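Right, one structure below, let's go through it.
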Amino acid sequence: MALLKLPPETLIQIFDHVGSSYFRSDLSRLTVCKQWSEYAHTTCFQDLYVTQKTLRRLLSSPYVESSLRLVKNSVETLDLILKGFEDWDSIPLSGHDPQAVNVWNGAHGHAVRATWTTELNNDLLYLAAIIQQSRRLRILRIQATSELHPLLRFLERRDYLFLSTIRAFLLVSNLTSLELDLCGTRLIPHQSQERGEGIHVCTSIAALLTTLRRLRLRMRSICADVLRPPQHCTDLKLNEMLINLSLSNESPVTTSAAHATCCGSSTGGFLQLKADMEKQAQVLVAQMAAPKIVRILAHALPRIEMRAFDVLTGRNVALSEGAEWDDEGEVIEDQVSDDESEISDLSSDDDE
């Protein structure tokens, strides 16, 4: 094949231009010939989309070593999608059985899900250990939504991610983009040393501010420490920072709105958290070399409207329903304090 006679550096550019989606859409395209396959596999694994089920299959595969070697050497973008426990058929119950909720909320149901939770976090820690060795990973996106039974809508909300698991992913060096949308679960202290009041993920995220260009966060617990880079850091390359404090659309069965709470034992409620985040964001902007967009998002009552405080302009922006966090929106000329006072009534999660 004449194409493969080109210099390796030219072939790499060509396959990079073709992109990983071309090969993922038809895996037979990976096996044209041996030389082609080497370049194709590298390209195919540049953008890796992993769910909890595909991760389990990967780690159970007889080809796990070669696959993880490709992950370590090829992946530039990792998307990790988590949905909580999904093996509801492991206890044979009808979703219409009036006792089903009691069984899953009872000791046996809790034990089944607790075992699964440990297995999930072990799998994730294994993956984190691999990508910590990556030479190419630049973009990390992790989304964790609420655990939902397809029929039972009154199960107790349950957390399923360990704090140590997420901190392991944050040990990856040279990240330029980090997106954590973890509104479906709090991070569970799993080890004794993680149970102290001062142990939380925010400081681990802040340590990455020296390399990040893009940061997007939504977590059930957060504090201003997440926006405090290491001391004496100036001219940060960070140019996009969006933090969403609203949990209003984290689950399709949630009928009331909630906001993130502050890490630790803060007593100021949501309004204090929001004020602290906005104040620290203003401090951070002064340390950024070329900021483009810096926002703190929350929802306002009574219509649960999404609003964003634009740190660069000092103005509040109303976002339409379903809008992206960075949408232009409509500037609010007169801030209504009544909305903010109502927010404080919802400063803690409705599941606590």
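What you see is a predicted model; the values in this text were computed from it and never measured.
In terms of hydrophobic clustering, with Ile, Leu, Val, Met, Phe, Trp and Tyr side chains grouped at heavy-atom distances under 4.5 Å, I91 and F85 are assigned to a common cluster. Note on L59: it clusters hydrophobically with L48, by side-chain heavy-atom contacts below 4.5 Å among ILVMFWY residues. Hydrophobic clustering, with ILVMFWY side chains joined whenever heavy atoms are under 4.5 angstrom apart, keeps L319 apart from V294. By the criterion of side-chain heavy atoms lying less than 4.5 angstrom apart, applied directly or through intervening Ile, Leu, Val, Met, Phe, Trp or Tyr residues, V172 is grouped together with L161 in one hydrophobic cluster. Linking Ile, Leu, Val, Met, Phe, Trp and Tyr whenever their side-chain heavy atoms come within less than 4.5 Å leaves L178 and I293 in two separate clusters.
Annotation: ring pair (Phe, Tyr, Trp, His ring centres under 6.0 Å) contacts of F309 (sequence neighbours excluded): none. In this structure R214 satisfies the salt bridge (charged side-chain N to carboxylate O under 4.0 Å, His left out) test together with E179, E240, sequence neighbours excluded. When the side chain to side chain donor-acceptor pair (under 3.5 Å) test is applied to E86, the partners found at least two apart in sequence or on another chain are Q52. For D79, the side chain to side chain donor-acceptor pair (under 3.5 Å) partners at least two apart in sequence or on another chain are R141. With sequence neighbours excluded, no residue forms a side chain to side chain donor-acceptor pair (under 3.5 Å) with T210.
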* For side chain to side chain contact (heavy atoms under 4.5 Å, CB included), just list the numbers for L80 and F169, CA-CA rounded to whole Å, side-chain angles, deciding distance to a tenth of an Å, and then say yes or no. => CA-CA 11 Å; L80 183 58; F169 279 97; 3.8 Å; yes
* To do: Kindly indicate, with the supporting measurements, whether the criterion side chain to side chain contact (heavy atoms under 4.5 Å, CB included) is fulfilled by L236 and L284.
  => CA-CA 9 Å; L236 296 174; L284 181 63; 3.7 Å; yes
* To do: Show the numbers, then the answer: is there a side chain to side chain contact (heavy atoms under 4.5 Å, CB included) between I205 and M219?
  => CA-CA 12 Å; I205 296 172; M219 304 187 295; 4.0 Å; yes
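Within the 4.5 Å cutoff, no side-chain heavy atoms of L58 are placed close to those of V50. Using a 4.5 Å cut-off on side-chain heavy atoms (C-beta onward), I304 and E321 make no contact. For the pair C263/D225, no side-chain contact is recorded, criterion being any heavy-atom separation below 4.5 Å from C-beta on. Inter-residue side-chain proximity for L209 and L215 is flagged as met; some heavy-atom pair is nearer than 4.5 Å. Using a 4.5 Å cut-off on side-chain heavy atoms (C-beta onward), C202 and I222 make contact. Proximity of L227 to V283: side-chain heavy atoms (C-beta onward) are nowhere separated by under 4.5 Å. In this structure, the side chains of I332 and E305 stay at 4.5 Å or more apart for every pair of heavy atoms. You'll find the side chain of R135 reaches within 4.5 Å of the side chain of N73, heavy atoms only.
Ring geometry for H259 versus F270: interplanar angle under 30°, hence parallel rather than tilted (30 to 60°).
Here the CG-CD distance, from D276 to Q280, works out to 9.0 Å after rounding to the nearest 0.5 Å. Taking NZ from K279 and CD from Q272, the interatomic distance works out to 9.0 Å, rounded to the nearest 0.5 Å. With rounding to the nearest 0.5 angstrom, the CG atom of L245 is 14.5 Å from the CZ atom of R307. Note: W116 CH2 to D87 CG = 10.0 Å, rounded to the nearest 0.5 Å. Considering OG of S146 and CG of D159, their distance stands at 9.0 Å, rounded to 0.5 Å. With rounding to the nearest 0.5 Å, the separation of CG in D326 from CG in L242 is 6.0 Å.
Using modelled atom types, no side-chain atom of S320 and backbone atom of A323 make a donor-acceptor pair closer than 3.5 Å. Under a 3.5 Å cut-off, the side chain of S61 and the backbone N or O of R57 do not form any donor-acceptor pair. At least one donor-acceptor pair closer than 3.5 Å links the side chain of H110 to the backbone N or O of N105. When atom types are taken as modelled, the side chain of T185 and the backbone of L182 share no donor-acceptor pair closer than 3.5 angstrom. Remark: the backbone N or O of L247 is not paired with any side-chain donor or acceptor of R220 at under 3.5 angstrom. Between the side chain of N244 and the backbone N or O of S246, at least one donor-acceptor pair lies under 3.5 Å.
Between C233 and Q287, the shortest heavy-atom distance links the atoms O-NE2, 3.0 Å. Of all heavy-atom pairs between L238 and M288, the closest is O-CE, 3.0 Å. A pairwise comparison of heavy atoms in I243 and M277 identifies CD1-CE, 3.6 Å as the closest pair. Nearest heavy-atom pair, L170 versus S204, reported as atom, atom and distance to 0.1 Å: CD1-CB, 3.7 Å. The nearest pair of heavy atoms linking L212 to S177 is CD2-N, 3.7 Å. In terms of heavy atoms, T51 sits closest to T54 at N-OG1, 2.8 Å.
Results of the side-chain contact (heavy atoms from CB on, under 4.5 Å) test with R138 over L175, V75, N174 single out N174 as the only residue that passes.
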Which donor-acceptor pairs under 3.5 Å do the side chains of residues 120-133 make with protein atoms, sequence neighbours left out?
unit_1	atom_1	unit_2	atom_2	d
N121	OD1	F162	N	2.9
N121	OD1	T165	OG1	2.7
N121	ND2	T117	O	2.8
N121	ND2	Y160	O	3.0
N122	ND2	T118	O	3.3
D123	OD1	R56	NH2	3.0
D123	OD2	R56	NE	2.7
Q132	NE2	A168	O	2.9
Q133	NE2	A129	O	3.1

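The residues E65 and R69 are annotated as not salt-bridged, no charged nitrogen and carboxylate oxygen being separated by less than 4.0 angstrom.
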